[in-house]
Amino acid sequence: MNRKIETIREGLSPRTRSSLAATQVNLRDALAVWRRTVEVHLRLWKMNLIAPAIEPVFSVLAFGWGLGALVAGKVSGISYLSFVGAGILGLTVLMRAMFETTYAAYFRMVYQSIYDAILATPVDAESLAFAEILWAITHAALDTLIILIVLVVFGAATSLWATLAAIPLLVGSLFIAGLSLGFTAHIHDIDAFNIYMAAFFTVMLICGAWFPVDVLPVWLRWVAYAIPLTESIDLTRALLTGRFLSRHAYEAAYLVISAVVACEWAMRSLRQRMVA
């Protein structure tokens with residue numbers, strides 16, 4: 001059904017399909033799909049607010065004050081509370097974007113057949129994928145705001161640059177949302193997410209959330225910096241504390257490039273799954 005509709009649509013459309021999936025996105029269609037997801041979320045906003053409001057508070061208490069009390073000196077030139085606060089912020093926000101484009105997206109695609117219904121309209125696969133990624137970033141942004149307030153209250157955010165801490169987190173969310181949606185488009189069994197989740201939470205252990213990457217062996221340090229999530233957390237920590245290093249410029253460029261590549265892959269993958 002979707003393949004037939006897409007064939008007819010392409011036959012009637014005067015534009016030729018570009019090699020870049022991003023150029024096929026219709027912003028008006030993508031925003032319409034995004035608004036639909038937002039309206040669904042608003043009906044459940046009280047339940048969805050519980051986790052981002054409570055979890056970071058106890059995480060800061062447990063790691064910042066509990067474990068931090070055992071750390072006598074500073075970590076990377078800052079208090080452990082500030083150091084781990086950035087890690088908590090990064091992990092929570094990135095996980096939110098990841099879950100929105102894995103289990104939540106899979107349910108909409110397979111069990112609820114929402115993707116089929118959307119693609120039966122003039123919305124194409126690229127616009128649908130972009131809308132899903134946009135929603136993941138939106139949800140991540142809401143969590144960022146809540147957790148930033150918590151960090152300010154606890155004294156983990158010590159710089160005026162903290163107001164810009166959302167930027168690297170949203171770019172990081174763009175990367176993980178694109179990567180996750182691309183993976184989701186390729187699986188046909190929900191149990192396959194066990195492998196993806198195991199890989200995600202394993203690499204998060206070396207991404208500098210709980211301890212500096214510099215303490216790792218050289219070979220493992222290269223692995224950590226190859227994971228864009230490390231750059232997202234490191235840049236967030238720099239903005240929260242106002243401590244900037246020359247490597248942050250390279251990290252920002254690498255993070256943006258990784259996000260663009262991941263989103264392109266997600267759009268191509270969803271088209272292949274739903275249309276081709």
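Please read all numbers here as calculations on a predicted model, not as lab measurements. The residues of the chain are indexed from 1 along the displayed sequence.
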TODO: Please report the closest heavy-atom contact between Phe211 and Ile206, naming both atoms and the distance.
DONE: CZ-CA, 4.4 Å
Task: Criterion side chain to side chain contact (heavy atoms under 4.5 Å, CB included) on Thr184 and Tyr196, from CA distance to verdict - done: CA-CA 10 Å; Thr184 301; Tyr196 186 76; over 6 Å; no
TODO: State whether the side chain of Asn194 and the backbone N or O of Asp191 hold a donor-acceptor pair below 3.5 Å, judged by distance alone.
DONE: yes
Open item on the list: Looking at Ala117, is its backbone amide N or carbonyl O close enough to the side chain of Thr121 to form a donor-acceptor pair, meaning the two atoms are under 3.5 Å apart?
Closed with: no
Open item on the list: Is any side-chain heavy atom of Leu239 closer than 4.5 Å to one of Ser159?
Closed with: no
Task: 4.5 Å side-chain heavy-atom contact, Ser173 and Val93 - done: yes
Task: Reported CG-to-CG distance for the pair Leu240 and Leu235, which is rounded to 0.5 angstrom - done: 11.0 Å
Open item on the list: I'd like to know if the side chain of Arg243 and the backbone of Ala238 have a donor-acceptor N/O pair within less than 3.5 Å.
Closed with: no
- [ ] Report whether Val260 and Leu174 are members of the same hydrophobic cluster (ILVMFWY, side-chain heavy atoms less than 4.5 Å apart, transitive linking).
- [x] no
TODO: Carefully, step by step, assess Leu31 and Leu134 under the rule side chain to side chain contact (heavy atoms under 4.5 Å, CB included).
DONE: CA-CA 9 Å; Leu31 288 175; Leu134 183 61; 3.9 Å; yes
- [ ] Check whether Leu181 and Ile227 end up in the same hydrophobic cluster, where Ile, Leu, Val, Met, Phe, Trp and Tyr are linked by side-chain heavy atoms less than 4.5 Å apart.
- [x] yes
Task: Derivation of the side chain to side chain contact (heavy atoms under 4.5 Å, CB included) call for Met95 and Ile176 - done: CA-CA 8 Å; Met95 280 193 297; Ile176 195 62; over 6 Å; no
Open item on the list: If you compare all heavy atoms of Leu160 against all heavy atoms of Thr163, which two are closest, and at what distance to 0.1 Å?
Closed with: O-OG1, 3.1 Å
Task: Minimum heavy-atom distance between Gly172 and Leu94, given as atom pair plus value - done: C-CD2, 3.5 Å
Open item on the list: Considering only residues two or more places apart or on different chains, which pairs with a residue in residues 234-271 satisfy ring pair (Phe, Tyr, Trp, His ring centres under 6.0 Å)?
Closed with: Trp161-Phe244, His186-Trp265
Task: Beyond-backbone contact of Ile149 with Val152, side-chain heavy atoms, under 4.5 angstrom - done: no
- [ ] Of all the heavy-atom pairs spanning Pro228 and Ala226, show the shortest one and how long it is.
- [x] CD-O, 3.3 Å
Task: Side-chain heavy-atom pair Ile233, Met204 within 4.5 angstrom cut-off - done: yes
Task: Distance, nearest 0.5 Å, that separates CG of Leu169 from OG1 of Thr144 - done: 5.0 Å
Open item on the list: Could you measure the distance from the NE2 atom of His139 to the OG1 atom of Thr37? Nearest 0.5 Å is fine.
Closed with: 11.5 Å
Task: Residue pair Phe107 / Thr102, side-chain heavy-atom distance below 4.5 Å - done: no
TODO: To the nearest 0.5 Å, tell me how far Cys263 SG sits from Phe175 CZ.
DONE: 9.5 Å
Open item on the list: Any non-hydrogen side-chain atom of Leu27 less than 4.5 Å from a side-chain atom of Trp34?
Closed with: no
Task: Over-ring placement of Arg237 relative to Phe83, 6.0 Å and 45° cut-offs - done: yes
Task: Residue pair Met109 / Ile114, side-chain heavy-atom distance below 4.5 Å - done: no
Task: Leu20-Val261 co-clustered via ILVMFWY side chain contacts under 4.5 Å - done: no
- [ ] Decide whether Tyr106 and Leu128 are clustered together by the hydrophobic rule: side chain heavy atoms of Ile, Leu, Val, Met, Phe, Trp, Tyr closer than 4.5 Å, transitively.
- [x] yes
Task: Positive for ring-ring contact (aromatic ring centres under 6.0 Å, His included) with Phe193, one of Tyr103, Phe99, Phe200, Phe201 - done: Tyr103
- [ ] State, to 0.1 Å, how close Ala105 and Glu132 come at their nearest heavy-atom pair, and which atoms those are.
- [x] CB-OE2, 3.9 Å
Open item on the list: Is the shortest side-chain heavy-atom distance between Arg271 and Asp124 below 4.5 Å?
Closed with: yes
Task: Heavy atoms of other groups near Leu205 CG, more than 12 under 6.0 Å - done: yes
TODO: Please round to the nearest 0.5 Å and tell me the distance separating atom CD of Glu100 and atom CZ of Arg108.
DONE: 6.0 Å
TODO: Check the pair Val218, Arg221 against side chain to side chain contact (heavy atoms under 4.5 Å, CB included), reporting the backbone distance first and the verdict last.
DONE: CA-CA 5 Å; Val218 175; Arg221 199 180 309 164; 4.2 Å; yes
Open item on the list: Main chain of Ala22, side chain of Glu264: is a donor-acceptor contact present, judged purely on distance under 3.5 Å?
Closed with: yes
Task: Single-linkage hydrophobic cluster Val275~Val110, side-chain heavy atoms < 4.5 angstrom - done: yes
Open item on the list: Once rounded to the nearest 0.5 Å, what's the spacing between atom CD of Glu126 and atom OG1 of Thr23?
Closed with: 8.0 Å
Task: Taking every non-hydrogen atom, the tightest pair across Gly85 and Leu151 - done: O-CD1, 3.5 Å
- [ ] Indicate yes or no for a side-chain donor-acceptor contact from Asn26 to the backbone of Asp29 under 3.5 Å, with no hydrogens or angles considered.
- [x] yes
